[in-house]
Amino acid sequence: MIHWPAEDIQRVGFRKWYERQLLASHAHMALGFLAAIAVTGSIEAFRSEGADTRLFALFVVLCTAIGAWALKRYSFLLGRAENLANQASCPACGEYGRFRVVAASASADGLDVRCRRCTRGWVITGLG
């Protein structure tokens, strides 16, 4: 399920939302890195003598799945945050990140926003 960012941006503001997205995405990257280390350790344990090969094979598969999910989530969160950040400047006055969310657009992939400085509105797209 994709979480729509409009409510979070309204609640905490764009800059805090963006910071939290970056922190969450990089936490997923760290999880992917730890999963890669766990896969390596599981493979080494799998190759040792007297090891329960089924258990270590399960660990390899499980850690690989966790790592793949974490890296996919990292990519999604970072991409969505960067996409929104690239559209966060007011087209009229150039103010960056100081807008309020007016409403989600009719299309499920857009966000109507209004500049806090000059009150010009624009649509941020590509969030889904």
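Reckoned from all heavy atoms, side chains included, excluding hydrogens, waters and symmetry mates.
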Are side-chain heavy atoms of [X] and [Y] found at a separation under 4.5 Å?
{"X": "Pro91", "Y": "Arg120", "answer": "yes"}
{"X": "Leu71", "Y": "Arg73", "answer": "no"}
{"X": "Phe99", "Y": "Cys90", "answer": "no"}
{"X": "Leu22", "Y": "Leu78", "answer": "yes"}
{"X": "His26", "Y": "Leu77", "answer": "no"}
{"X": "Val113", "Y": "Ile9", "answer": "no"}

> By side chain to side chain donor-acceptor pair (under 3.5 Å), which residues pair with Gln10, not counting sequence neighbours?
Replying inline: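 Here no residue qualifies.
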> Is it the case that one hydrophobic cluster holds both Val39 and Leu55, taking links as side-chain heavy atoms less than 4.5 Å apart, direct or via other members?
Replying inline: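 As far as the 4.5 Å side-chain criterion goes, Leu55 and Val39 are not connected within one cluster.
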> Do Glu82 and Asn86 have side-chain atoms, one donor and one acceptor, less than 3.5 Å apart?
Replying inline: no
> Taking the six-membered ring for Trp, are Tyr18 and Phe14 parallel (under 30°), tilted (30 to 60°) or perpendicular (over 60°)?
Replying inline: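 Because their plane-to-plane angle is under 30°, the rings of Tyr18 and Phe14 count as parallel.
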> Given a cutoff of under 4.5 Å between side-chain heavy atoms of I, L, V, M, F, W and Y, with clusters grown through shared members, what are the other residues clustered with Leu62?
Replying inline: Leu31, Ile66, Trp69
> salt bridge (Lys or Arg N to Asp or Glu O under 4.0 Å) with Glu44: which residues, sequence neighbours excluded?
Replying inline: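 Here the qualifying residues are Arg47.
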